[in-house]
Amino acid sequence: MNGFELLRQLNDIDDRIIEETVIVSHRRKKSVWKKYIAVAASITILITVIGIINRSSLIKGNENSGGSLKEEYSTHLLEKHREEFNNNIPAKVEEELDGENKVLLKQYDMINSNWFESDDLKDFSQAVTSNYKYYLIDTKDLSVQVYKENKEELEYLGETTGDLNSYVTQEQIETDLSSLQYEDYIICNSSLLNSIFVWIRSSDQDYFLVYPTRKDFIELEPGEIYTLEDVIEKLDGVSN
């Protein structure tokens, strides 16, 4: 089941609950006890409906906080902030996370919205937040430790095994970019699409490498270089 089907089912549940409330509240009662029971049932259902409405309002979230169901169906974008991104890793961080069979990547979090459906998307920076994390990949056991900078200190966020990031290293990215002239590249992580987008910035235009967990879902081939128009066309086709 994809996210679009889930939202439709949630909406269907809301409609059924509201319809049941109307039926119960208008049903003729044959006794006082039945009347009280029906009223109690109506109140219970009404509380459930209010809970669902409140939950719907709470899932607005913001694009920097990991996303929500609501955002998955919006086309909210950030302002252009292209100059805020770089792929530099401080020497202090590299020294602290250095180790045998270790690969360190810096990845920016992408917004959790359908940015590829927005007519206002003029620059890829509008789909990427300023928040980033460090992914320390153990190439031997394919585990990934995740860190972020917090007040000039590294904060450990957790560890995963067999995650998408286990199979994407800087060496692989640069091998896939060997045929392209470019200025720099920014690694971006989309939790919504379960994919890594390598944003390649060059003098003529932007290009992209995409490493999806499910290439059959988003129809983008790992290691193939795309333009932004190519990426939008592929993703827009999946969402419809």
Side-chain angles (χ1 to χ4, degrees), residues 62-64 67 71-72 74-91 93-94 103-135 137 148-149 163-240:
N62 64 65
E63 54 279 353
N64 296 331
E71 285 183 351
E72 288 178 20
S74 73
T75 53
H76 174 74
L77 296 176
L78 302 176
E79 295 295 327
K80 293 181 184 179
H81 56 137
R82 190 181 183 90
E83 67 285 348
E84 294 184 18
F85 302 98
N86 65 74
N87 56 14
N88 299 328
I89 299 177
V93 173
E94 289 186 325
V103 175
L104 182 61
L105 292 180
K106 176 182 180 181
Q107 298 182 13
Y108 285 87
D109 298 330
M110 296 186 65
I111 62 175
N112 286 316
S113 73
N114 288 358
W115 50 269
F116 46 87
E117 293 182 338
S118 176
D119 294 332
D120 297 324
L121 183 69
K122 307 302 180 187
D123 188 272
F124 190 68
S125 67
Q126 294 173 271
V128 187
T129 78
S130 299
N131 298 333
Y132 60 85
K133 300 182 183 72
Y134 295 113
Y135 292 78
I137 305 167
K148 73 174 182 178
E149 287 183 289
D163 185 74
L164 165 66
N165 306 289
S166 303
Y167 307 103
V168 181
T169 65
Q170 199 157 9
E171 181 180 5
Q172 179 181 349
I173 290 170
E174 293 182 357
T175 297
D176 292 337
L177 288 178
S178 59
S179 63
L180 189 68
Q181 297 258 342
Y182 61 92
E183 297 171 358
D184 67 359
Y185 62 85
I186 308 300
I187 305 174
C188 310
N189 193 313
S190 173
S191 59
L192 175 65
L193 298 171
N194 292 317
S195 300
I196 287 178
F197 288 78
V198 180
W199 174 19
I200 308 149
R201 305 193 289 190
S202 67
S203 57
D204 58 342
Q205 65 173 318
D206 291 344
Y207 297 94
F208 299 87
L209 285 169
V210 185
Y211 300 94
T213 54
R214 288 283 307 277
K215 68 178 183 179
D216 57 324
F217 175 68
I218 66 171
E219 299 179 357
L220 291 165
E221 293 290 334
E224 186 169 335
I225 297 173
Y226 296 94
T227 64
L228 182 57
E229 290 75 17
D230 293 335
V231 171
I232 290 173
E233 182 180 358
K234 294 281 188 182
L235 294 179
D236 198 29
V238 170
S239 67
N240 294 328

Any non-hydrogen side-chain atom of [X] less than 4.5 Å from a side-chain atom of [Y]?
X: Tyr108; Y: Ser125; result: no
X: Ser203; Y: Glu183; result: yes
X: Leu220; Y: Ser195; result: no

Checklist entry - What do the steps show when you test Val128 against Ile111 for side chain to side chain contact (heavy atoms under 4.5 Å, CB included), and what is the final call? => result CA-CA 6 Å; Val128 187; Ile111 62 175; over 6 Å; no
Checklist entry - Can Tyr226 and Tyr207 be said to form a side chain to side chain contact (heavy atoms under 4.5 Å, CB included), step by step? => result CA-CA 6 Å; Tyr226 296 94; Tyr207 297 94; over 6 Å; no
Checklist entry - Which heavy-atom pair separates Arg201 from Asp206 by the least distance, and what is that distance? => result CA-OD1, 3.8 Å
Next on the checklist: Show the nearest heavy-atom pair for residues Ile173 and Tyr211, with the distance to one decimal.
Outcome noted: CA-OH, 3.7 Å
Checklist entry - Looking at residues at least two apart in the chain, or sitting in another chain, which of them share a side-chain hydrogen bond (donor to acceptor under 3.5 Å, both in side chains) with Tyr132? => result Glu149
Checklist entry - With no hydrogens and no angle check, is any side-chain donor or acceptor of Thr75 less than 3.5 Å from a backbone partner on Glu117? => result no
Item to check | Expected output: side-chain Ser190 to main-chain Met110 donor-acceptor under 3.5 Å | outcome: no
Checklist entry - In terms of side-chain heavy atoms, does Gln170 have a donor or acceptor partner in Tyr185 at a distance below 3.5 Å? => result yes
Checklist entry - Can you tell which of Ile196, Asn189, Thr169, Ile137 makes a side chain to side chain contact (heavy atoms under 4.5 Å, CB included) with Leu105? => result Ile137
Next on the checklist: So if I apply the side-chain hydrogen bond (donor to acceptor under 3.5 Å, both in side chains) rule between Lys106 and each of Asn86, Asn88, Asn87, which one comes out positive?
Outcome noted: Asn86
Next on the checklist: Rounded to the nearest 0.5 Å, what separates atom CD in Gln107 from atom NZ in Lys133?
Outcome noted: 9.0 Å
Checklist entry - When the ring planes of Trp115 and Phe124 are compared, do they come out parallel, tilted or perpendicular, using 30° and 60° as the limits? => result perpendicular
Checklist entry - What pairs meet the salt bridge (charged side-chain N to carboxylate O under 4.0 Å, His left out) rule with one or both residues in residues 119-131, with sequence neighbours excluded? => result Arg82-Asp123
